[in-house]
Amino acid sequence: MTTPITPDELPPQYDAAATEKALYAEWEAAGVFRADPARSDRNGGDRTPYTIVIPPPNVTGVLHMGHGLNNTAQDVLIRWRRMSGDEALWVPGTDHAGIATQNIVEKQIAKENLTRDDLGRDAFVERVKTHVEKTGGVILEQLRAIGASADWTRTAYTLSPELSVAVREIFVRLYDDGLIYRGHRVIHWCPRCLTSLSDEEAEFNDETGALWHIRYPLSDDPSRSIEVATTRPETMLGDVAVAVHPDDERYADLVGKTVRLPISNIDIPVIADTYVDREFGTGVVKITPAHDPNDFEVGKRHNLTMPVIMTPEATMADGIDAAGRVPADLIGTDRFDARKKIVKQLESEGLLVKKQVHQHAVRHCYRCDTVVEPRLSDQWFVKMAPLAAPALQAVREGTVRILPERWNAVYVNWLENIRDWNISRQIWWGHRVPVWRCAECHFEKAYRVDPTTCEQCGNATLVQDTDVLDTWFSSQLWPFSTLGWPNEKAPDLRAFYPTDALVTAPEILFFWVARMIMSGYYCMGRSPFHTVYLTGTVRDMEHRKMSKSLGNGIDPLDVVAQFGADAMRFTLLQGMGLGVDVMLDPTDLEKSFAPGRNFATKLWNIGRFLLLQVGTDPVRDFASLTDAELTSVDRWILDRLASGISDCDAALGPARPTGATWTEQERTAGMRLDAYAEAARRFVWNDLADWYVEACKARLLQPGADREVARAVLVHVFDQALRLLHPAIPFITESLWRRLPTYTAGTFIAQAQWPSRDASHAGGGAAFDLVREVITGIRQLRSDYGLAPGKEVTAYVVGPDALVQRVLAESTLLGRMAKCAVTADAAPAGPAAHVMLGGTGLEIVLPLAGIVDLGKECARIQTEVDALDKQLTALRGRLGNEKFTGKAPPELVEAERAKEREWTARSEQLHAKVRSLCG
RNA sequence: GGGCGAAUAGCUCAGCUGGUUAGAGCACCUGCCUUACACGCAGGGUGUCGGGGGUUCGAAUCCCUCUUCGCCCA
């Protein structure tokens with residue numbers, strides 16, 4: 001049963017707003033996106049699973065164009081595999097985003113003049129929970145608007161009870177394996193967020209700063225001094241030594257003596273350590289063990305004290321081991337103000353030698369952009385080297401491939417030099433570190449279930465660690481925690497792990513991707529996926545990354561509202577070359593999304609034509625058509641369809657490695673989403689619309705057997721085209737597909753079979769290709785000679801009889817598409833324009849008395865033959881060169897010979913024409 | 001400072017392991033509202049393949065070098 005079509009129902013412009021929401025609701029209600037673990041062949045089913053886990057957006061986030069790009073890519077893959085018969089699962093969900101979410105709520109309560117300490121831990125966490133419940137998940141709703149075909153029944157959340165169990169489980173395992181430990185060292189500290197950060201969370205920014213050269217007088221001889229250089233003078237209050245290189249003769253006699261630390265006025269030793277770079281600055285380094293990671297190492301080697309001279313908020317204060325170091329007038333001063341004051345004081349005391357402009361990289365908090373302060377503290381760390389080993393091997397041996405390929409080296413380099421991961425954060429929003437310590441006997445242990453009494457001394461005096469875990473500690477489990485881990489028997493886990501492709505931005509290769517691979521091996525013994533596809537970045541016309549702070553973003557929902565989700569998706573796909581950034585103009589959405597919008601409309605109108613012309617009457621079963629019934633145009637479009645399908649398949653696949661690891665060839669194959677979009681577009685627009693639909697118009701007007709053949713082929717080809725395009729353009733394809741006469745009620749194109757190449761039609765297009773050349777040739781002449789578009793002309797076809805007949809057989813088409821009658825009669829004498837068909841001997845003569853100027857026609861052909869002869873001369877030169885014929889591959893030489901024969905024939909044909917025309 | 005990548009049409013990019021008359025989309029130029037579509041149709045390529053050198057019968061493609069830009073890491 002099909003819905004009757006009225007022209008009103010199909011306006012010339014597709015109305016996205018009226019269609020998309022309703023269609024999406026239908027898909028969801030029908031469970032089209034729901035995966036069933038029982039159908040996975042890993043659970044005894046008959047389908048190969050194909051799984052993607054979404055990079056979970058921040059729970060309070062809103063959709064931006066980066067999400068649009070990323071999720072369009074994932075949706076194309078998942079829809080493609082779903083149609084290909086895989087048990088396709090796309091797991092959606094959100095990340096609790098510890099620091100980011102806590103920051104938002106802290107800002108909120110700041111408006112009420114409250115701090116989190118005013119509320120207290122429990123009340124604050126409740127407050128964040130409430131906020132998340134209210135605003136969280138908006139982004140998942142927005143993903144539906146762009147057509148994301150995720151299985152919403154499996155929506156996950158990194159802070160859900162289920163995933164919290166997973167976090168506890170891996171923590172305890174790592175702890176019991178000795179891979180989680182408490183470390184006392186200098187870490188990156190954000191004085192605004194008041195938490196430590198991992199190395200990855202403290203991002204480098206290149207900045208122009210200053211290098212101050214400061215004189216530290218010798219204690220026993222203030223007339224002599226040693227000069228140090230620093231970019232952070234305020235830290236000198238925490239200096240415990242100055243260091244020189246042991247082989248540096250300049251300072252050899254000073255090692256062992258002490259110098260007087262200015263401002264604080266205490267004596268500190270001069271020590272020798274190979275850490276010092278003799279070439280940098282003065283070759284003397286001040287050692288501040290509590291406020292610099294390198295100095296910390298030096299301090300440990302030399303058994304130095306480690307005074308902390310700042311508060312967590314980075315104001316100056318006497319902290320641990322720092323009594324008497326910070327002068328009274330600096331206490332409570334912000335670090336940067338203190339820097340100015342200290343420089344000023346040094347200057348007035350004549351201890352400032354000079355100030356140099358200095359380019360250096362300064363670490364900033366990735367969440368609030370505050371300058372990170374290195375700070376000595378106790379933190380929990382994960383020992384990474386043992387975890388990194390299998391993850392490194394996975395990429396090296398090709399179990400996991402990273403696309404674009406160049407990221408492989410970046411990944412390998414990072415893992416080879418991996419450092420332990422600081423996982424504790426001094427915030428409240430997140431998974432609390434599951435370690436309890438006994439206040440009585442100090443026994444300490446990590447627990448899966450909250451303990452009540454100390455297992456060593458039996459006292460009920462256990463206190464839980466107050467830190468929470470890095471958000472990425474829970475995200476690293478995402479590919480298996482979302483599937484039911486740690487329950488190894490969970491049906492989803494068995495059915496869908498390992499997953500297949502991971503699609504994300506290169507920025508989080510280390511934050512997230514590498515850690516998922518490591519934890520995948522640690523917890524599951526296998527890599528969580530075999531393909532990492534790193535998308536490009538969405539940028540504006542000045543190539544700046546789109547961002548909230550720059551205000552150069554584009555809201556995907558605006559684009560959906562104006563042009564439809566299909567138009568947005570297609571535009572993004574076209575720009576999505578492997579590793580290529582996508583440029584869009586936030587000030588001109590019309591221009592930016594015109595390509596997708598135009599194609600969406602084109603597709604809609606092909607459908608409109610077809611539905612209105614073919615009608616709703618039953619069509620013949622395509623399979624029942626005999627070869628004899630098909631016309632040359634039918635054979636041509638079926639040939640083109642076969643190529644189109646191959647092109648799409650080659651661009652997208654292979655979906656997975658054929659063996660346990662990717663072969664050299666497979667490793668870089670597929671995932672060319674732009675090539676897929678272009679191949680499908682080219683087939684639909686340039687082949688189907690421009691030629692086949694035009695060629696069918698006359699056939700559809702004439703009732704009879706051929707009309708039924710045309711209807712059947714048209715419907716079949718369009719059905720196949722819609723399927724090819726569905727992953728890219730889900731909404732329009734679905735709404736057109738259900739209106740086809742072949743539609744079965746209750747079915748969805750989203751679940752229809754992906755087209756497979758029908759080789760029986762391959763190569764069947766040659767006959768019609770000749771006709772296309774004739775039409776194109778005539779159109780060129782018409783254009784060259786400025787014939788009015790409506791002006792009918794007569795073409796006289798000259799040449800080999802078989803070819804002449806072939807052209808005459810398509811006279812209706814030539815009349816329609818070239819406004820040209822054809823005849824085999826002898827052309828009348830007089831000026832005429834000519835089309836010579838490459839090497840076939842076929843010639844089309846258009847007598848155009850009064851229009852064609854003999855001189856111009858002569859010159860036109862002369863130009864053509866000159867260009868050809870130039871190429872032909874080069875070609876003959878090559879073929880005459882024995883070094884070429886001797887060394888080049890034989891098949892190439894043969895191809896060149898064939899080309900020479902063809903060009904020669906054509907050249908002769910043209911030369912003959914020139915002789916007859918130009919005398 | 002270390003490593004990696006890129007430079008091809010006005011713009012964004014394809015051109016894989018050397019061999020096609022160097023391509024696509026957008027933009028642009030010319031002519032058309034040919035009843036599916038002007039968000040369209042027909043025709044048009046507008047290029048010193050960043051500069052210089054080398055290897056080769058043959059280089060956009062490989063090597064060296066310079067210039068410019070980008071990314072990752074410290």
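Just so it is clear: chains get the letters A, B, ... in the order the sequence lines come, proteins before strands, and each one is counted from 1. What you see is a predicted model; the values in this text were computed from it and never measured.
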Would you call A/Thr504 and A/Phe511 a side-chain contact if the rule is heavy atoms closer than 4.5 Å?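 A/Thr504 does not reach A/Phe511 side chain to side chain.
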On RNA chain B, check which nucleotide each of A/Leu892 and A/Glu694 is closest to and give me the residue with the more 5' one.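 Its nearest nucleotide lies further toward 5', so the answer is A/Leu892.
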By nearest nucleotide on RNA chain B, pick out whichever of A/Arg672 and A/Thr776 is the more 5' one.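 The answer here is A/Arg672.
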Strand partner of [N], provided both Watson-Crick or wobble distances fall under 3.5 Å:
| N | answer |
| --- | --- |
| B/U30 | B/A42 |
| B/G25 | B/C11 |
| B/U48 | none |
| B/A6 | B/U68 |
| B/G1 | B/C73 |

Side chain of [X], base of [N]: donor and acceptor closer than 3.5 Å?
| X | N | answer |
| --- | --- | --- |
| A/Lys602 | B/C37 | yes |
| A/Arg597 | B/C39 | yes |
| A/Gln574 | B/A24 | no |
| A/Lys697 | B/A36 | yes |

Given [options], which nucleotide is nearest the side-chain atoms of [X]?
| X | options | answer |
| --- | --- | --- |
| A/Asn598 | B/G40, B/G43, B/A36 | B/G40 |
| A/Val580 | B/C13, B/G44, B/C57 | B/C13 |
| A/Val410 | B/C72, B/C57, B/U20 | B/C72 |
| A/Arg363 | B/A74, B/C41, B/G25 | B/A74 |

What is the distance, to the nearest angstrom, from the [atom1] atom on [X] to the [atom2] atom on [N]?
| X | N | atom1 | atom2 | answer |
| --- | --- | --- | --- | --- |
| A/Glu203 | B/C71 | CD | P | 13 Å |
| A/Arg782 | B/U34 | CZ | P | 15 Å |
| A/Lys819 | B/G43 | NZ | P | 14 Å |

Cation-pi check, A/Lys602 onto A/Tyr14 ring (under 6.0 Å, within 45° of axis): no
Would you mind checking if [Y] and [X] are paired as a salt bridge, meaning a charged N to carboxylate O distance below 4.0 Å?
| X | Y | value |
| --- | --- | --- |
| A/Lys899 | A/Glu896 | yes |
| A/Arg860 | A/Glu857 | yes |
| A/Glu373 | A/Arg363 | no |

Backbone N/O of A/Arg608 and side chain of A/Asn605: donor-acceptor pair under 3.5 Å: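 Side chain of A/Asn605 to backbone of A/Arg608, a donor-acceptor pair under 3.5 Å: no, none is there.
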Does [X] reach a base, just sugar-phosphate, or nothing at all? Heavy atoms under 4.0 Å.
| X | result |
| --- | --- |
| A/Val693 | base |
| A/Thr601 | base |
| A/Ala874 | nothing |
| A/Ala689 | base |
| A/Phe599 | nothing |
| A/Asn413 | nothing |

If you measure only the distance, is there a donor-acceptor pair under 3.5 Å linking the side chains of A/Thr885 and A/Arg878? no
When the [atom1] atoms of [M] and [N] are compared, how many Å lie between them, rounded to an integer?
| N | M | atom1 | answer |
| --- | --- | --- | --- |
| B/U20 | B/A60 | C1' | 14 Å |
| B/G40 | B/A36 | P | 16 Å |
| B/U46 | B/C11 | C1' | 14 Å |

Within less than 4.0 Å of OP1 or OP2 of [N], is there a side-chain N or O belonging to [X]?
| X | N | value |
| --- | --- | --- |
| A/Trp407 | B/C73 | no |
| A/His543 | B/C11 | no |
| A/Lys899 | B/G19 | no |

